[in-house]
Number of protein chains: 2
Amino acid sequence: MLDRETAREQVLQAAEALFYAQGVQAVGMDAVRGTSGVSLKRLYQLFPSKEALVLQFLERRDTSWRQALARYVDTHATPDEQVLAVYDWLHQWFSEPDYRGCAFINSFGELGGISTAVADQARHHKQAFRDYLAGLVEATGLPQELADQLNLLAEGAITTSAITGTPEPAHQAREAARLLMQAHRQTEKVDTQDAQDTQLTH
Amino acid sequence: MLDRETAREQVLQAAEALFYAQGVQAVGMDAVRGTSGVSLKRLYQLFPSKEALVLQFLERRDTSWRQALARYVDTHATPDEQVLAVYDWLHQWFSEPDYRGCAFINSFGELGGISTAVADQARHHKQAFRDYLAGLVEATGLPQELADQLNLLAEGAITTSAITGTPEPAHQAREAARLLMQAHRQTEKVDTQDAQDTQLTH
DNA sequence: CCCGGGGGAGAACGTCCGTTCTCCCCCGTG
DNA sequence: CACGGGGGAGAACGGACGTTCTCCCCCGGG
């Protein structure tokens with residue numbers, strides 16, 4: 001027999017693989033049992049219902065996804081490199097053989113209309129990612145509105161890559177992010193210049 | 001009794017409202033009957049199966065969505081205004097009271113892993129939108145890579161707006177698009193300048 | 001007026017799925 | 001060795017759903 005913790009772990013791993021690949025509703029508890037090797041009886045001791053399992057799956061994925069991203073970004077030194085590293089990490093992710101988009105976007109599309117708990121999880125995950133970007137942007141000294149723009153590029157790359165099946169959107173997003181940072185710096189300089197001009201003419 | 005065409009129309013309208021609001025799998029054929037007022041027998045005369053109805057729903061939504069966008073964009077004169085008008089139109093769309101994201105992204109997340117027909121429809125729709133943007137970009141004379149970047153901004157705004165529940169991402173995307181166009185023009189000018197400088201020094 | 005066919009309402013059928021229950025085995029304890 | 005309890009395999013149960021069928025009505029044509 002399996003330790004309670006390892007059984008739980010195997011169930012969550014199986015659930016993650018199945019739910020992510022096929023969607024939540026297309027996967028029965030029987031499939032989770034088959035893939036995890038944990039009997040139905042035990043499964044229902046560990047998780048009181050399928051919905052509970054789905055929510056645990058999302059929570060687990062939220063933390064592991066954000067940890068992996070942060071770990072990768074942390075290997076870069078300057079704030080500018082860190083911002084761009086986000087898109088390099090996305091490119092790696094998109095290149096995984098069974099990449100099928102963001103589990104939260106997918107779950108939101110499937111269940112967001114009928115389960116507020118799932119919708120809340122999606123909101124929480126996306127909010128956390130945006131906040132993470134805001135932190136990176138702050139370190140660059142660039143204006144906060146850049147964070148929202150970087151966020152849109154990342155989200156767009158995630159779904160576009162999922163549907164087209166190529167990791168290329170990550171590169172496009174990275175290049176756009178570079179240009180946006182450049183443009184914001186340009187604007188700053190111009191504003192400063194304007195201020196100085198104004199002072200001089202007085 | 002209803003004319004065959006109007007019955008078909010009512011079924012598709014009901015299907016669109018239900019599938020979009022709750023997801024495909026959460027809506028039974030009984031709900032489609034109830035909302036459309038078309039009996040099950042007739043429903044199955046018009047569409048041989050639920051899957052066929054789903055595909056028709058997606059096809060119909062593809063054309064009507066792209067038509068509405070193009071109609072709005074066409075009311076703007078210059079190429080630059082037309083590009084930005086895309087995001088204004090998105091803002092209108094996001095502000096609809098029961099906006100719940102892109103039907104194709106949602107369907108792809110829910111069914112893309114188990115139905116290649118649905119995945120194909122999503123690919124087709126997104127490809128058509130990207131091609132449309134490419135046409136707008138061509139009219140501005142800016143480089144084609146801008147089209148992919150504008151596309152990412154739009155896709156990102158669509159999902160971010162759906163999950164957060166505010167239309168604000170449309171404005172953020174519009175501003176980012178403006179900056180990107182500016183940045184591309186800047187780069188062009190610099191390149192041209194470089195070329196001229198090189199000539200002068202000879 | 002009779003007749004036949006198309007259509008509406010909804011029952012019926014078969015399947016699937018979430019959840020629980022039964023039965024049996026195994027293992028550790030006295 | 002006897003025994004009790006936890007766990008595995010899978011049957012069972014209740015409900016939902018896609019799809020088809022039954023029954024009855026209505027309406028137009030002879």
Side-chain angles (χ1 to χ4, degrees), chain A residues 1-58 106-107 109-111 113-118 121, chain B residues 1-58 106-107 109-111 113-118 121:
Chain A
M1 191 196 72
L2 271 62
D3 181 295
R4 182 181 172 93
E5 257 330 292
T6 55
R8 199 185 151 83
E9 188 58 25
Q10 289 196 12
V11 171
L12 282 171
Q13 278 178 17
E16 175 154 0
L18 293 169
F19 289 157
Y20 181 66
Q22 308 173 36
V24 171
Q25 314 220 54
V27 172
M29 292 299 267
D30 243 45
V32 176
R33 166 179 64 173
T35 303
S36 68
V38 172
S39 74
L40 274 184
K41 191 171 170 183
R42 201 107 187 278
L43 221 166
Y44 275 93
Q45 286 173 0
L46 296 166
F47 304 93
S49 67
K50 186 183 182 182
E51 170 146 22
L53 176 58
V54 170
L55 293 177
Q56 286 296 310
F57 145 64
L58 289 175
N106 293 350
S107 299
E110 184 174 358
L111 304 169
I114 55 181
S115 161
T116 60
V118 169
Q121 286 267 6
Chain B
M1 191 195 75
L2 272 60
D3 180 296
R4 182 183 172 93
E5 257 331 291
T6 54
R8 199 184 150 85
E9 187 59 24
Q10 289 195 13
V11 171
L12 283 171
Q13 279 178 19
E16 176 154 359
L18 294 168
F19 289 157
Y20 181 66
Q22 308 174 34
V24 170
Q25 314 219 53
V27 174
M29 292 298 266
D30 243 46
V32 176
R33 166 178 66 174
T35 305
S36 69
V38 172
S39 73
L40 274 184
K41 193 172 169 183
R42 200 107 187 279
L43 221 166
Y44 276 93
Q45 285 173 3
L46 296 166
F47 305 93
S49 67
K50 186 183 183 181
E51 169 147 21
L53 176 57
V54 171
L55 293 177
Q56 287 295 311
F57 145 64
L58 289 175
N106 292 351
S107 299
E110 183 174 0
L111 303 169
I114 55 181
S115 161
T116 59
V118 169
Q121 287 267 8

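To find a chain, count down the sequence lines: A is the first, B the second, and so on, and within it residues start at 1.
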Nearest-Å distance, [atom1] ([X]) to [atom2] ([N])?
X     : N      : atom1 : atom2 : answer
B:R33 : D:dC17 : CZ    : C1'   : 12 Å
B:D30 : D:dG18 : CG    : P     : 8 Å
A:L43 : D:dG7  : CG    : C1'   : 13 Å
A:Q45 : D:dG6  : CD    : C1'   : 8 Å
B:R4  : C:dG7  : CZ    : C1'   : 13 Å
A:R42 : D:dG5  : CZ    : C1'   : 14 Å
B:L46 : C:dG6  : CG    : C1'   : 13 Å

Generate the contact string for nucleotides 20-29 of chain D. Rules: B means base contact, S means sugar-phosphate contact only, - means no protein heavy atom under 4.0 Å.
B---------
Under the side-chain contact (heavy atoms from CB on, under 4.5 Å) test, which residues partner B:A21, sequence neighbours left out?
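In terms of side-chain contact (heavy atoms from CB on, under 4.5 Å), with neighbours along the sequence ignored, B:A21 is linked to no residue.
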Value rounded to 0.5 Å, distance of [atom1] in [X] from [atom2] in [Y]:
X     : Y      : atom1 : atom2 : answer
A:Q10 : A:D3   : CD    : CG    : 10.5 Å
B:F19 : B:N106 : CZ    : CG    : 13.5 Å
B:Q22 : A:L111 : CD    : CG    : 12.0 Å
B:E16 : B:L53  : CD    : CG    : 11.0 Å
A:L18 : A:F57  : CG    : CZ    : 10.0 Å

If you look only at distance, which donor and acceptor atoms sit under 3.5 Å apart when one is on a side chain in residues 25-34 of chain B and the other is two or more places apart or in another chain?
from	atom 1	to	atom 2	distance (Å)
B:D30	OD1	B:R33	NH2	3.4
B:D30	OD2	B:R33	NH2	3.3

B:E110 side chain to B:G23 main-chain N or O, any donor-acceptor pair under 3.5 Å?
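Looks like no, no N/O pair under 3.5 Å.
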Of A:Q45, A:Q56, A:R42, the residue whose pairing with A:R8 passes side chain to side chain contact (heavy atoms under 4.5 Å, CB included)
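Of all the options given, the one that passes is A:Q56.
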Can you identify which nucleotide, out of C:dT19, C:dA9, D:dG8, has its nearest atom closest to the B:S39 side chain?
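Of all the options, the side chain of B:S39 is nearest to C:dA9.
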Give me the residues of residues 7-16 of chain A where at least one heavy atom lies under 4.0 Å from an atom of DNA chain C, by number, or none.
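Of all residues in residues 7-16 of chain A, none places a heavy atom under 4.0 Å from DNA chain C.
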What residues in residues 17-29 of chain A put a non-hydrogen atom under 4.0 Å from any atom of DNA chain C?
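The stretch gives A:V27, A:G28, A:M29 as the residues lying under 4.0 Å from the strand, ordered by number.
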Walk me through it: do B:E51 and B:S115 pass the test side chain to side chain contact (heavy atoms under 4.5 Å, CB included)?
CA-CA 9 Å; B:E51 169 147 21; B:S115 161; 3.4 Å; yes
Of all residues at least two apart in sequence or in a different chain, which pass the side-chain hydrogen bond (donor to acceptor under 3.5 Å, both in side chains) check with B:E9?
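Residues passing side-chain hydrogen bond (donor to acceptor under 3.5 Å, both in side chains) with B:E9: B:Q13, B:R60.
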